Number of protein chains: 2
Amino acid sequence: MTEDGAKQVALELPAADAGAPPSRRLGRQIILTEAVRFIDTHGRDRLTMRRLGSVLGVEAMALYRYVPGREQLLDGVVEYVMNELYEATMRQAVPESWQEYLQQMAHGVRALAVRHPRVFPLVATRPPAAPWLRPPLRSLRWVEGFLAGLHLHGFSRLESVGVYRAFSTFLLGHLLLEAGTLGDGQSESIGDDIEFYESNDLNEYPRLLELSDQLSQDAFDVEFEDALEDLINRVAVMRT
Amino acid sequence: MTEDGAKQVALELPAADAGAPPSRRLGRQIILTEAVRFIDTHGRDRLTMRRLGSVLGVEAMALYRYVPGREQLLDGVVEYVMNELYEATMRQAVPESWQEYLQQMAHGVRALAVRHPRVFPLVATRPPAAPWLRPPLRSLRWVEGFLAGLHLHGFSRLESVGVYRAFSTFLLGHLLLEAGTLGDGQSESIGDDIEFYESNDLNEYPRLLELSDQLSQDAFDVEFEDALEDLINRVAVMRT
DNA sequence: ACCTGAACACCGTTCAAGT
DNA sequence: ACCTGAACACCGTTCAAGT
């Protein structure tokens with residue numbers, strides 16, 4: 001019903017070497033690349049050692065040479081997309097104002113969430129290896145870079161922590177929501193599951209009908225920009 | 001390493017009828033109650049039809065009389081805690097000011113996240129049955145009640161939608177973060193997993209050291225209250 | 001009406017064995 | 001050095017059979 005589907009139907013797997021021929025030699029990077037691709041298209045729950053092996057033209061057991069286990073594979077996936085983020089954001093020129101800087105960083109993270117909507121929940125909910133690293137900003141390297149950028153714009157150590165907190169919370173809320181609507185394709189027939197649990201008579205909930213109208217348009221763009229502006233104003237106030 | 005642990009060790013299950021004797025007769029409610037309890041103590045990934053059955057003193061197959069499958073069981077768990085929330089918040093007297101009202105609602109949702117930190121990610125990441133219902137505010141009933149409360153305080157339909165959006169995003173970001181630190185007990189030995197993936201030499205990341213100091217204190221309380229206040233101000237501005 | 005045994009198609013993971 | 005076969009302990013789910 002949700003991710004994996006109730007019935008365990010054979011997932012049509014490409015015959016050993018179909019698709020982009022996964023450059024013959026196995027290795028950690030190739031495995032992670034393919035794992036990300038797999039989650040992007042099939043979702044986290046369908047990713048299985050055996051299936052991933054099959055996509056790579058190899059038996060599942062071969063993966064254990066390069067990855068300790070399934071959990072660590074998922075951690076590796078998170079690491080992988082965070083490295084993408086690092087390349088995409090930290091290599092840019094640092095803008096003149098800290099406001100622009102925060103915009104740049106925020107849009108970078110959002111681009112990640114939009115490119116990998118089904119990976120993003122992992123970034124957001126996996127217990128961080130370092131407990132003081134907050135999702136969805138999970139890379140030591142990236143956060144260090146982020147803080148360095150703030151320092152360039154004259155933020156003190158203490159201010160930076162405040163910004164980091166507000167920033168990560170802001171991104172988590174907005175992007176997890178947006179990724180959620182992107183990830184799971186069509187939510188199948190809409191009222192189907194609902195009625196199983198709750199009275200589905202929408203007439204009982206008059207306000208919800210209007211809500212659904214108002215919310216259906218993809219207001220994520222403006223919502224994000226507005227809230228980001230507010231966040232920046234908040235930071236500005238905090239600094240005075 | 002994360003949830004389920006790598007090795008599949010038998011999870012010491014109480015002999016059929018240990019613990020609180022789960023009132024003899026099976027049924028949907030008893031099943032959900034026990035499922036919530038199970039996730040609270042063992043985590044989502046360890047919840048399995050067979051184990052849950054065993055806790056209830058019954059074979060796994062018996063559960064299928066009352067629940068269509070595992071995915072729907074998890075949906076039922078979400079439904080269950082949302083009903084808890086409804087009872088806790090919607091039955092209260094509506095305060096004089098809308099500011100107090102929003103405070104009351106926010107604290108209600110937060111209490112839920114704190115009481116069920118390992119269930120909360122489900123509330124936050126499961127694809128909503130109704131796509132315009134945003135996590136973590138997933139109950140038709142609850143949202144209808146929430147909107148009705150706003151209406152009582154003179155909010156227009158359109159304003160209400162804006163408040164609903166900002167409110168749900170705010171809660172999602174903050175509470176998912178807080179639940180994350182509560183749920184998974186001690187994150188085991190801190191630097192253990194990290195070094196597998198990234199250079200763990202914290203001296204390479206000087207700012208992170210200070211960050212970890214500043215963040216270690218559980219600032220969630222003040223953080224939440226501050227951000228809530230900001231949100232309320234934002235709503236106030238929006239209304240003018 | 002309510003539960004179970006047995007069976008099926010899947011899992012993750014280990015390890016001795018192949019090349 | 002790198003991969004596989006076979007095995008083990010688990011899964012979710014179905015269904016005919018028990019009471």
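In what follows, every chain begins at residue 1, and chains take the letters A, B, ... in the order their sequences are listed. Since the model is a prediction, treat every value here as computed from it, not as a measurement.
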[X] has a side chain; which of [options] sits nearest to it?
| X | options | result |
| --- | --- | --- |
| A:Arg51 | C:dC2, C:dT14, C:dC11 | C:dC11 |
| A:Tyr64 | D:dC2, C:dC3, C:dT13 | C:dT13 |
| A:Ala62 | D:dT4, D:dT13, C:dC2 | D:dT4 |

### Message
For B:Arg141, is there an ion pair with B:Glu144 - N to carboxylate O distance below 4.0 angstrom?
### Response
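Between B:Arg141 and B:Glu144 there is no salt bridge, as every charged N stays at least 4.0 Å from the carboxylate O atoms.
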
### Query
Is A:Asp221 salt-bridged to A:Arg110, cutoff N-O under 4.0 Å?
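A:Arg110 and A:Asp221: salt-bridged.
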
### Phosphate OP1/OP2 of D:dG12 contacted by B:Thr48 side-chain N/O (<4.0 Å)
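Indeed, a polar side-chain atom of B:Thr48 lies that close.
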
Quick one: [X] [atom1] to [N] [atom2], roughly how many Å, whole number?
| X | N | atom1 | atom2 | result |
| --- | --- | --- | --- | --- |
| A:Arg70 | C:dC10 | CZ | P | 16 Å |
| A:Met49 | D:dG5 | CE | P | 17 Å |
| A:Arg46 | C:dA9 | CZ | C1' | 15 Å |
| B:Met61 | C:dC2 | CE | P | 18 Å |
| A:Tyr66 | C:dG12 | OH | C1' | 19 Å |
| B:Arg25 | C:dA1 | CZ | P | 13 Å |
| B:Glu59 | C:dA7 | CD | P | 15 Å |
| A:Leu73 | C:dC11 | CG | C1' | 14 Å |

### Task
Would you verify whether the NZ or CZ of B:Arg51 falls within 45 degrees of the ring axis of B:Phe38 while also being under 6.0 Å from that six-membered ring's centre?
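B:Arg51 over B:Phe38 ring: no.
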
### Message
Given A:Leu74, which partner from the list A:Leu122, A:Val67, A:Val119 fulfils the side chain to side chain contact (heavy atoms under 4.5 Å, CB included) test?
### Response
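When side chain to side chain contact (heavy atoms under 4.5 Å, CB included) is applied between A:Leu74 and each of A:Leu122, A:Val67, A:Val119, only A:Leu122 qualifies.
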
### Contact nearer the 5' end of DNA chain C, comparing A:Ala60 with A:Arg65
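By nearest-heavy-atom nucleotide position, the 5'-most residue is A:Ala60.
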
### Query
Does any N or O in the side chain of B:Tyr164 come within less than 3.5 Å of the main-chain N or O of B:Arg134, such that one atom is a donor and the other an acceptor?
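Judged by distance alone, yes, a pair lies under 3.5 Å.
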
### Task
To the nearest 0.5 angstrom, please state how far the CZ atom of A:Arg44 sits from the OG1 atom of B:Thr125.
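One gets 9.0 Å once the value is rounded to the nearest 0.5 Å.
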
### Query
Given pairs defined as Watson-Crick or G-U wobble with both distances under 3.5 Å, what dot-bracket annotation applies to DNA chain D, with ( ) intrastrand, [ ] crossing, | other strand and . unpaired?
||.|||||...|||||.||

### Query
Between A:His174 and A:Phe170, what is the ring plane arrangement, given parallel below 30°, perpendicular above 60°, and tilted in between?
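The arrangement is tilted - the two ring planes meet at 30° to 60°.
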
